[in-house]
Undergrad: 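Handing you a structure now.
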Amino acid sequence: MAEDSATRRSYQDEAHAIQARDVHFDFSSVPMHYIPGEVLATHVVNVMHLVLPEGERAMAACLAEALPLIDDERLREEVAGFIGQESMHASSHEGARKHLQEIGLDVDSYVAKVAWLTDRVLGDHGLSGRARREWLKERLGLFAGMEHFTAVIGEWLLETDALQRIGMDPTMLDLVRWHGAEEVEHRSVVFDAYMHVDGGYGRRARTGLLAGSALLTLFMISTAYLYRRDPAPDKGRFWAAQFVSATRRHVIPNATTFITEMPRYLKRNFHPSQLGSMDNALRYLAHSPAARA
């Protein structure tokens, strides 16, 4: 177990009970382009419905595998709550994906490829002994890096008013904000699990860089695929113009986030509790329509 008192102290200072919420989303009236007039931006958000569920299942499996190695009762409780939240995220986004498939956006074949790739890259590979433990540490490092970016994007989703201002479908807006709020809420869990099981800075830095690069690449490829598969005869302006415009108007997060956030994550004394206040996240979770349904 890593002997990093600063990290453990930060974790205790932010002690917060993580638990899965029973949420309900009704996607029946959600249109194909649920961000009005924003075809590309809609598909940037759609990546969450295609890519994240498989990644979150793999993450939950990895944390479940790590549980026997965690002897801190508080952290064990947080990991168990995290697994429950990730499972709920996956099932909720899967509901959105199925709805999009039903109304004409062909995504099933792409989802199958993402599932295959996720299993091949992030599965346990049937290893045993020392190799199994080392691969577990590696995956924890990768997932800790990914969680840093999802927490940052979660903060952005809670803070931007552009999506509500331009009339994003309320069900989809609640879905992404609920998810973003829970990403902020459990932002420390995977990082702390990694620090407990391994804690090495070299592995954390290397896997963090790899995670950021992989997420950016996957978002770009997935968005391009969805844009091409969109059945609408008129998709508006050239996709690059839509991308620049949506970014400038804060309709989508800036892609450079995957680069500008790396220096903070790579600091030796970094801890996720150093990100923004959790107040916005907890406030939203207390009033989310899906959580109150």
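Count residues from 1 along the sequence.
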Undergrad: Should the pair Glu182-Arg21 be classified as a salt bridge under the 4.0 Å nitrogen-to-oxygen rule?
TA: yes
Undergrad: Is there a side-chain contact between Phe82 and Glu147, using heavy atoms and a 4.5 Å cut-off?
TA: yes
Undergrad: Could you check whether Asp198 pairs with Arg203 (Lys NZ or Arg NE/NH1/NH2 to Asp/Glu carboxylate O, under 4.0 Å)?
TA: yes
Undergrad: Check which hydrophobic residues are tied to Leu127 through side-chain heavy-atom contacts below 4.5 Å, counting indirect links as well, and list them.
TA: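 Answer for Leu127: Trp135.
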Undergrad: What pairs of residues pass the side-chain hydrogen bond (donor to acceptor under 3.5 Å, both in side chains) test when at least one of them lies in residues 110-119, not counting sequence neighbours?
TA: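 Pairs touching residues 110-119 that pass the test: Tyr110-Ser222.
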Undergrad: Hey, could you give me each pair passing ring pair (Phe, Tyr, Trp, His ring centres under 6.0 Å) that has a residue in residues 33-70? Not counting sequence neighbours.
TA: His49-His93
Undergrad: Please step through salt bridge (charged side-chain N to carboxylate O under 4.0 Å, His left out) for the pair Glu65 and Arg139, ending with a clear verdict.
TA: CA-CA 11 Å; Glu65 186 180 334; Arg139 284 183 290 155; 2.8 Å; yes
Undergrad: Is NZ or CZ of Lys137 both nearer than 6.0 Å to the six-membered ring centre of Tyr194 and within 45° of the ring axis?
TA: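 No - Lys137 does not lie over the ring of Tyr194 by the 6.0 Å and 45° rule.
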Undergrad: Pairing donors with acceptors under 3.5 angstrom, does anything connect the side chains of Asp174 and Tyr284?
TA: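 Looking only at side-chain atoms, Tyr284 and Asp174 do form a donor-acceptor pair, the distance falling under 3.5 Å.
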Undergrad: When you measure from the centre of the six-membered ring of Tyr265, is the NZ or CZ of Arg204 under 6.0 Å away and within 45° of the axis?
TA: yes
Undergrad: Are any of the side-chain nitrogens in Glu102 or Arg97 under 4.0 Å away from the carboxylate oxygens of its partner?
TA: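 No.
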Undergrad: Is the shortest side-chain N to carboxylate O distance from Glu138 to Arg133 below 4.0 Å?
TA: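 Result for this pair is no, no salt bridge flagged.
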Undergrad: Could you tell me whether the side chain of His271 reaches within less than 4.5 Å of the side chain of Ser188, counting heavy atoms only?
TA: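 Heavy-atom side-chain distance check passes, below 4.5 Å.
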Undergrad: Residues two or more places apart in sequence or in another chain: which of them pass salt bridge (charged side-chain N to carboxylate O under 4.0 Å, His left out) with Asp106?
TA: Arg229
Undergrad: Can you check whether Trp178 and His89 have ring centres sitting under 6.0 Å from each other?
TA: yes
Undergrad: Applying salt bridge (charged side-chain N to carboxylate O under 4.0 Å, His left out), can you list everything that pairs with Arg177, at least two apart in sequence or on another chain?
TA: none
Undergrad: In terms of hydrophobic clustering (I, L, V, M, F, W, Y; side-chain heavy atoms under 4.5 Å; direct or indirect links), are Ile103 and Tyr225 co-clustered?
TA: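 Both belong to a single hydrophobic cluster.
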Undergrad: With sequence neighbours excluded, give me every salt bridge (charged side-chain N to carboxylate O under 4.0 Å, His left out) pair touching residues 273-290.
TA: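 For residues 273-290: none.
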